[in-house]
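Okay, so here's the structure we're looking at.
Order of appearance sets the numbers: ligands from 1, and atoms from 1 within every ligand. Just so it is clear, the structure is predicted and the values come from calculations on it, not from any experiment.
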Amino acid sequence: MAGPTVAIGLARSGYEVKLYEAYARRVQDVGSFFNLAPLGRKVLETLGIADRALKSGTICTGITFQNHKGRWLAKNPETTTNIMRGELSAALREAAVAEGVQLFTEKRLDALTERPDGSWELGFADDSSAEAGIVIGCDGVHSDVRRLALPQAPGASYAGVVGSGGLSEVGEQFKVDGLFHMTFGLHGFFGYQTIRPGTILWFENHYEYEERTMAELARLSNAEWVGSLVERHRTDPGVVSEVIKASAGEVWRWPVYEVQQLEQWHRGTAVVIGDAAHAIQPHLGVGATLALEDAYELTATLRRQPDAAAAFAAFQADRSARTKEMNKQAQRMGAFMAPRHWWQRTMRDLILPVAVRSAIKRSEQGFGYRLQPWPPAGQIA
Ligand SMILES: Cc1cc2nc3c(=O)[nH]c(=O)nc-3n(C[C@H](O)[C@H](O)[C@H](O)COP(=O)(O)OP(=O)(O)OC[C@H]3O[C@@H](n4cnc5c(N)ncnc54)[C@H](O)[C@@H]3O)c2cc1C
């Protein structure tokens with residue numbers, strides 16, 4: 001998300017931009033979907049690429065919440081977008097290439113050396129190399145740029161959550177109503193949207209305190225994984241199991257990782273942004289939006305302050321309060337996900353409608369955050 005977006009911003013600001021991506025395979029095929037919050041769309045609209053980037057997405061005109069007994073709790077009327085991760089990624093890369101960004105795939109960064117003049121030498125897993133005046137690590141939660149440029153920074157840690165997602169083929173009883181329907185199940189959180197007649201996108205998150213790696217989860221057959229989710233939601237409203245059982249094709253699953261707030265997001269003229277700097281727990285559904293905001297704001301900062309080292313320090317100072325706040329909100333939402341005791345669930349059901357109303361109000365105000373127009377581009381240092 002962050003990589004092609006900041007590449008677009010910097011190409012428009014007069015930089016020569018090269019985007020190195022580890023994977024070669026068609027990014028459209030890379031797993032599952034996510035929900036893009038209003039500010040994520042706003043970034044794309046402000047850049048004039050929203051229609052193109054989100055063309056394959058489905059608009060959600062609201063998010064509804066029910067509890068494990070099927071009791072209606074609250075509705076968030078914000079308009080968001082559900083979109084396949086790979087489709088958005090591919091569209092953003094195409095938009096970046098159209099802006100003159102040079103895209104290199106199958107280039108997995110595995111070495112980064114700062115030269116005495118402050119520029120960087122990059123080494124890749126295929127033994128090729130490159131050089132750069134500025135390095136922006138947009139390489140996600142397991143960031144190699146973070147590991148190489150900021151060796152003191154903590155790595156990714158398991159967030160205690162396993163996520164799943166899939167596409168289901170269902171009957172006419174599921175209406176295309178524009179809503180994203182969420183259920184606080186007894187042992188996991190579930191959401192679905194009917195994106196067209198007969199087709200549903202769904203996700204499920206649950207706590208697993210013992211970490212299972214991606215490879216361990218992948219070893220389970222589809223039928224085993226579906227069976228375990230159905231069992232987990234056995235006592236929840238029937239729609240949860242019905243949708244999961246109707247999965248067509250592979251059900252995606254992942255252990256979820258987070259990155260504790262870094263003390264430093266930058267060293268000299270290298271910086272990390274997006275999940276590489278601040279992967280938060282997934283319960284708020286704003287990780288991609290924060291990555292897009294970072295890309296927008298980093299461009300703004302470099303236009304204001306073309307000295308990269310100074311710009312990166314200013315960027316971190318501006319952005320860290322926002323990402324800390326969103327992390328706090330995500331943790332709060334996570335505590336609601338599957339409380340162990342009945343009285344905690346009762347409290348949640350009482351608090352949630354009020355919390356959602358107050359979150360909507362704060363979200364309308366961007367949780368105190370506003371995108372500012374880019375300043376005119378300064379002279380590149
Ligand atoms: C289960 C789950 C559900 C989620 N749901 C939502 C949601 O509903 N809404 C939402 O907003 N967010 C959601 N998120 C979070 C969201 O996916 C991330 O916050 C977002 O993708 C971060 O964007 P990014 O650009 O920082 O990193 P990424 O999107 O992770 O991109 C990193 C890129 O770097 C590449 N890369 C990695 N290492 C290297 C290397 N060494 N060399 C070259 N390239 C490399 C990768 O291939 C990838 O293309 C979810 C996350 C999870 C795990």
For [X], the ligand 1 atoms whose distance to one of its heavy atoms is below 4.0 Å:
X: Gly274; result: 26 (O)
X: Gly140; result: 27 (O), 30 (O), 32 (C)
X: Ala2; result: 25 (O)
X: Lys107; result: 42 (N), 43 (C)
X: Trp254; result: 1 (C)
X: Asn35; result: 7 (C), 8 (O), 9 (N), 10 (C), 11 (O)
X: Tyr23; result: 47 (O)

Decide whether [X] and [Y] meet the rule of one side-chain donor and one side-chain acceptor closer than 3.5 Å.
X: Trp120; Y: Thr269; result: yes
X: Arg303; Y: Ser13; result: yes
X: Lys175; Y: Thr194; result: no
X: His187; Y: Asp236; result: no
X: Tyr257; Y: Glu211; result: yes

Q. Is it true that the NZ or CZ of Lys107 lies under 6.0 Å from the centre of Tyr20's six-membered ring and within 45 degrees of the ring axis?
A. no
Q | Arg85 NZ/CZ over Phe33 ring centroid, <6.0 Å and within 45° of normal | A | no
For [atom], closest protein heavy-atom neighbour:
atom: atom 42 (N) of ligand 1; answer: Leu109 N, 3.0 Å
atom: atom 51 (C) of ligand 1; answer: Arg85 NH2, 3.8 Å
atom: atom 35 (C) of ligand 1; answer: Glu21 OE1, 3.4 Å
atom: atom 37 (C) of ligand 1; answer: Asp139 O, 3.4 Å
atom: atom 5 (N) of ligand 1; answer: Phe34 CB, 3.8 Å

Q | Proximity flag Arg147 to ligand 1, non-hydrogen atoms under 4.0 Å | A | no
Q: Determine whether any heavy atom of Val286 lies closer than 4.0 Å to an atom of ligand 1.
A: yes
Q) Hey, is CD on Gln344 packed in by over 12 heavy atoms from elsewhere, all under 6.0 Å? A) yes
**Q.** Residues, nucleotides or ligands: over 12 heavy atoms within 6.0 Å of Gln102 CD
**A.** yes
(Q) Taking the ring of Phe174 and the ring of Tyr192, is the distance between their centroids below 6.0 Å? (A) yes
Which bit of [X] gets closer than 4.0 Å to ligand 1, counting heavy atoms only: side chain, backbone, both or neither?
X: Arg93; result: side chain
X: Tyr20; result: backbone
X: Cys138; result: backbone
X: Thr289; result: backbone

Q. Between the side chain of Asn222 and the main-chain N/O of Gly249, is any donor-acceptor distance below 3.5 Å?
A. yes
Compute the shortest N/O to N/O distance between [X] and ligand 1 and return yes if it is under 3.5 Å, no if not.
X: Phe33; value: no
X: Met1; value: yes
X: Ala291; value: no

Q | Reported OG-to-CD distance for the pair Ser320 and Glu263, which is rounded to 0.5 angstrom | A | 11.5 Å
Q) Under 30°, 30 to 60°, or over 60°: which ring-plane class applies to Phe315 and Trp265, parallel, tilted or perpendicular? A) perpendicular
